[in-house]
Amino acid sequence: MALREIRLEGDPILYKQARPVEKMTERMKTLVDDMLDTMYDGEGIGLAAPQVGILRRIFVIDTSEEDEEKDPLIFINPEVLETKGEQKGSEGCLSVPGKIANVIRPSYVRIKACDKDMREFILEAEEVLARVILHEYDHLDGHLYPEKAEGPLMDIEEVDEDQDVEMKGKKPLKVEWL
Ligand code: NI
């Protein structure tokens, strides 16, 4: 297990375009493993490679609960094929610690990507998972959620814990291997 340093808002690397992964090398596999370790350590539900200082088109997501088995999704060279609808909900980011804000996003996404073995898949998601996917995807193009936030960022500690946390749509609607 290896943790990588998380780059914080203001770090120039977070605002750059990430490049595709050409080949899954041992170095890239280690990066993916380290990204998962770093995400779990930070109690995040998603992490993109630029957040650990690597400008590659990779992100990882795990929306499972603490008491559930880990269920990581790995997206390499993702390409959003379709989005639909609209949802409003709160987002945070490991690169913007302690903050939270409301962001409007599509409520559905269909995305193509490769897994860790460079096998291609198409995944469909809605609700929370669609939100997380689109948040992480933005990181690959140098965008952070505060750009899209509705209203000011709030301190996470000041937000009422009872605020309804959206539980729906944590699992993909469909995964098709190509
Ligand atoms: Ni983020």
Side-chain angles (χ1 to χ4, degrees), residues 2-21 28 31-66 70-80 83 86-109 111 113 116 123 125-159 163 165-167 169-172:
L3 300 180
R4 305 246 178 159
E5 185 195 339
I6 296 178
R7 304 300 183 96
L8 300 180
E9 193 182 20
D11 188 318
I13 206 155
L14 291 174
Y15 307 94
K16 291 182 177 163
Q17 186 83 15
R19 300 185 309 275
V21 175
M28 283 292 158
L31 168 65
V32 172
D33 288 342
D34 290 354
M35 284 173 63
L36 287 167
D37 290 341
T38 305
M39 175 180 75
Y40 291 128
D41 182 70
E43 292 176 16
I45 55 174
L47 187 72
Q51 293 183 273
V52 294
I54 307 290
L55 285 173
R56 291 291 181 174
R57 302 189 78 78
I58 304 173
F59 60 75
V60 296
I61 287 176
D62 193 337
T63 53
S64 57
E65 300 288 334
E66 255 175 69
K70 287 189 169 80
D71 189 15
L73 293 170
I74 295 159
F75 296 79
I76 295 167
N77 298 342
E79 189 191 333
V80 170
T83 59
E86 194 179 276
Q87 59 171 320
K88 184 176 173 179
S90 58
E91 291 186 24
C93 181
L94 290 172
S95 293
V96 190
K99 299 286 181 183
I100 198 168
N102 282 315
V103 182
I104 293 173
R105 301 257 183 205
S107 55
Y108 166 91
V109 64
I111 186 168
K116 217 177 152 186
L123 181 147
E126 60 182 357
E127 314 279 351
V128 180
L129 185 55
R131 169 179 299 285
V132 182
I133 287 171
L134 292 166
H135 173 118
E136 300 310 327
Y137 191 82
D138 274 355
H139 276 296
L140 306 184
D141 294 323
H143 298 296
L144 299 186
Y145 85 85
E147 290 171 37
K148 298 185 172 174
E150 298 267 299
L153 302 195
M154 297 166 277
D155 286 323
I156 222 162
E157 281 147 26
E158 285 169 23
V159 176
Q163 208 195 31
V165 176
E166 189 59 72
M167 301 299 282
K170 288 192 157 200
K171 299 287 172 199

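Both ligands and their constituent atoms are indexed starting at 1 by order of listing. As the structure is a prediction and not an experimental result, all values here were calculated from the model.
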Sidechain N-carboxylate O distance under 4.0 Å for Asp71, Lys171 | yes
Would you say Gln17 has more than 12 foreign heavy atoms packed within less than 6.0 Å of its CD?
-> yes
List the atom pairs, donor and acceptor, that lie under 3.5 Å between side-chain atoms in residues 46-53 and the rest of the protein, sequence neighbours left out.
unit_1	atom_1	unit_2	atom_2	d
Gln51	OE1	Ala48	N	2.9
Gln51	NE2	Ser95	OG	2.9

What protein atoms of element N, O or S are positioned under 2.8 Å from the Ni ion (ligand 1)?
-> Cys93 SG, His135 NE2, His139 NE2
So, for His139 and His135, is the gap between ring centers shorter than 6.0 Å?
-> yes
Partners passing salt bridge (charged side-chain N to carboxylate O under 4.0 Å, His left out) against Lys88 (at least two apart in sequence or in another chain) | none
Name all residues meeting the side chain to side chain donor-acceptor pair (under 3.5 Å) criterion together with Glu150; count only those two or more places apart in sequence or in a different chain, and write none if there are none.
-> none
